[in-house]
Amino acid sequence: MEATIRKESIDAKEFYPTDLYEYSSQLTDGELEVLQDMRTALEEHVYPVINEHYEKAKFPYEAWNEVAKSRFMDDPKLFEGRDNELKTSELFNVFRYFELAKMDPSIATYYTVHGGLFYASLLYGGSQEQIDRWAPKVKSFEYSTCFGLTEPDHGSDIAGGLATSARKEGDYWILNGEKRWIGGADKADEIVIFARDEADNQVKAFVVSGKSEGLSVENIRNKISLRMLANGHITMKDVKVEDDRRLVNVNSFKDVAAILRTTRADIAHLATGLAAGAFEAALRYVKQREQFGKKLGSFQLVQEKLAIMQANVNACLSYSVRLAQMQEEGKYIEVNSSLAKMHNALRMRETVALAREVVGGNGITLDTDVARFFTDAEAIYSYEGTHEINALIVGRFLTGKSAFI
Ligand SMILES: Cc1cc2nc3c(=O)[nH]c(=O)nc-3n(C[C@H](O)[C@H](O)[C@H](O)COP(=O)(O)OP(=O)(O)OC[C@H]3O[C@@H](n4cnc5c(N)ncnc54)[C@H](O)[C@@H]3O)c2cc1C
């Protein structure tokens, strides 16, 4: 991979060559500068150590800390002309995920559990005092955070099935239960845990310290997808949580669904970036590898696959960007987030398969980068609502009939 040449004035068209319809032209100069800083840090610190971490199934925390220094959640440049200093523009958010996932999907997922899932839960569910307490430390990456919703016995049916319990005792809540697949749980300072209140049977949310007595995390072993990022199995036995750690605006699963409207959009953007990463890696390869005395990229059949991959990246970006524009206007619509996640994940999965094909045998080694995208795409296909669950949300919207059960 060629290193990005740093420039004072950034031409979005040059910076994002696979964004043929030039969605990135709407980014501000300040946003492009932050994206350039991110990319430089990713190339300098993450790229050189990715493969060894992938093989050892370890997260490159040192390299990540260097990337975090580009302040892609809280650089003042991101808030110029904006009223809300808590959230960057939604368009910047699309390209933040594009940048992270184009480098590596585990890195992008590490960000999404923190800056996506935890942060969205806090902004939606927290009182002003709670937001003031935690948001600055989340935005500066001083804290590492994650999101505990899924359980061992309840994945797709978590809405009705959520079994972790919360019992109020004086100024405290007592939490009992298990959470599974929780990205980054082993190192998290704070975890948002969703639990059912024994008193009214409604789902509530709690910001729980990762060091709480009675809370233990065991990492899921032998993963073949998103190998670099640990997914934890959390067990909670009589975990005591202060009442002021309950996110006051989460009072039923409807509120969880509202949070997922934001975070499913994030995963649609992440899938866009992942597709672009696989495509760009495949394109680099076919431009240099020769067979039959010619570059692979000069064969018609290879070019057709490149064209499909390019079209997929464009289609994914168009879903992401339009969704971002609507969310910027305050329109968080469930069917739109589900449709975008479903569509982009499907196109992402097709793209990684095509990328693997054109890279041939080398496409199953880490050397061409494509294999990482290929295996990582599987986790993204399943998390934040599987393909089927998002399709069922769209189907319910279209027909007025719920077909979940
Ligand atoms: C790598 C990874 C990271 C994750 N990170 C987190 C995290 O940080 N926090 C968190 O809370 N969760 C996380 N998850 C959990 C994720 O959201 C769940 O895996 C997902 O919701 C699916 O649940 P499940 O795996 O239990 O599958 P199941 O619900 O058991 O589903 C298995 C299959 O059956 C299908 N299915 C289920 N119900 C129906 C139906 N009614 N109709 C048709 N088909 C159906 C599903 O679509 C799927 O194909 C993560 C998962 C993975 C794999």
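None of the values given here were measured: they were computed from a predicted structure. Order of listing sets the numbers, starting from 1, for every ligand and every atom in it.
- With contacts defined as side-chain heavy-atom distances shorter than 4.5 Å, the pair T145/D189 does not qualify.
- For A379, no nitrogen or oxygen atom sits less than 3.5 Å from a nitrogen or oxygen atom of ligand 1, counting backbone and side chain alike.
- Contacts between V113 and ligand 1, counted as non-hydrogen atom pairs separated by less than 4.0 Å, involve the side chain only.
- Which parts of ligand 1 touch E384 is read off a 4.0 Å heavy-atom cut-off, strictly below it: atoms 17 (O).
- Between R196 and E198 there is no salt bridge, since no side-chain N of the basic residue sits under 4.0 Å from a carboxylate O of the acidic one.
- At least one N or O atom of W181, backbone or side chain, sits closer than 3.5 Å to an N or O atom of ligand 1.
- K13 and D11 are not joined by a salt bridge, as no carboxylate oxygen comes within less than 4.0 angstrom of a charged side-chain nitrogen.
- Less than 4.0 angstrom separates some heavy atom of N231 from each of these atoms of ligand 1: 1 (C), 2 (C), 3 (C), 4 (C), 5 (N).
- Contact check on E90 versus K87 returns a salt bridge, with a Lys/Arg side-chain nitrogen under 4.0 Å from an Asp/Glu carboxylate oxygen.
- At a heavy-atom distance under 4.0 Å, no atom of H387 approaches ligand 1.
- Protein heavy atoms are absent from the 4.0 Å sphere centred on atom 34 (O) of ligand 1.
- Residue contacts with ligand 1 for I158 are absent, since no atom lies close enough (heavy atoms, distance under 4.0 Å).
- For R245 and F206, the positive end is not near the middle of the six-membered ring at less than 6.0 Å and at most 45° from its axis.
- Within a 4.0 Å radius of atom 46 (C) of ligand 1, the protein contributes one or more non-hydrogen atoms.
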